[in-house]
Amino acid sequence: MRDMILKAVAQPPKLFWGPVLPTAINFGVQVPMMFMAVGVANVNPLFFVTTIILVHVAIVAAGVKEPHLSTMIQAFGQTNKVSKNLYQERGNKFEP
């Protein structure tokens with residue numbers, strides 16, 4: 001096997017020591033909210049900086065416990081689709 005595949009499986013990508021997808025979602029949600037709150041309500045941006053850091057610390061802690069958190073989120077998004085079952089059964093059976 002090639003080393004690149006083994007490295008990608010053994011060491012999932014990190015962004016500032018946290019899993020990439022939750023870290024990017026945290027940054028992508030809180031930064032626009034910060035700019036809107038500063039522009040509309042004249043809120044101190046230091047509040048949002050502290051919440052970004054606190055949430056990031058929680059994401060890093062979750063990433064230490066489960067390093068493949070980004071992959072799990074992506075897999076959930078792909079499998080959380082309603083399928084049409086051929087036979088009357090409960091749940092999704094992923095049949096054509």
Side-chain angles (χ1 to χ4, degrees):
M1 279 190 193
R2 295 183 352 207
D3 290 337
M4 289 176 26
I5 294 173
L6 293 175
K7 184 176 180 184
V9 171
Q11 300 170 348
K14 304 266 186 205
L15 183 64
F16 299 116
W17 305 282
V20 172
L21 193 58
T23 303
I25 290 172
N26 176 36
F27 189 75
V29 168
Q30 289 206 27
V31 168
M33 286 177 51
M34 176 180 68
F35 284 123
M36 286 188 288
V38 168
V40 173
N42 201 16
V43 176
N44 189 355
L46 190 60
F47 169 74
F48 285 98
V49 171
T50 56
T51 59
I52 289 172
I53 291 171
L54 289 175
V55 172
H56 185 72
V57 167
I59 290 171
V60 169
V64 167
K65 184 176 180 184
E66 181 57 58
H68 295 280
L69 194 58
S70 295
T71 309
M72 291 171 57
I73 292 172
Q74 290 171 348
F76 177 75
Q78 293 173 0
T79 59
N80 194 23
K81 297 177 183 173
V82 177
S83 67
K84 184 177 178 184
N85 295 338
L86 293 176
Y87 309 107
Q88 275 304 69
E89 293 186 30
R90 292 175 55 186
N92 291 336
K93 302 300 177 196
F94 298 107
E95 297 168 344

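What you are looking at is a predicted structure, and each value in this text was computed from that prediction instead of being measured.
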Hphob cluster co-occupancy, [X] + [Y], side-chain heavy atoms under 4.5 angstrom:
X	Y	value
I59	F27	no
M33	F47	yes
F35	V55	no
V20	F16	yes
I73	V29	yes

Which heavy atom in [X] sits nearest to a heavy atom in [Y], and how many Å separate them?
X	Y	answer
F48	A37	CE1-CB, 3.6 Å
V38	V43	CG2-O, 3.3 Å
G63	K14	O-NZ, 4.1 Å
P22	S70	CD-OG, 3.5 Å

- Item | Working for side-chain contact (heavy atoms from CB on, under 4.5 Å), residues E66 and H68 | CA-CA 6 Å; E66 181 57 58; H68 295 280; 3.8 Å; yes

- Query: Should L69 and L21 count as side-chain neighbours, where that means a heavy-atom distance under 4.5 Å?
  - Reply: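 When only atoms from C-beta onward are counted, L21 and L69 do not touch, as no gap falls below 4.5 Å.
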
- How about I52 and V31: do any of their side-chain heavy atoms sit closer than 4.5 Å?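 In short, these two side chains touch, coming nearer than 4.5 Å.
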
- Message: Give me each pair satisfying side chain to side chain donor-acceptor pair (under 3.5 Å) with a member in residues 42-57, each pair once, sequence neighbours excluded.
- Response: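 Qualifying pairs: Q30-T51.
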
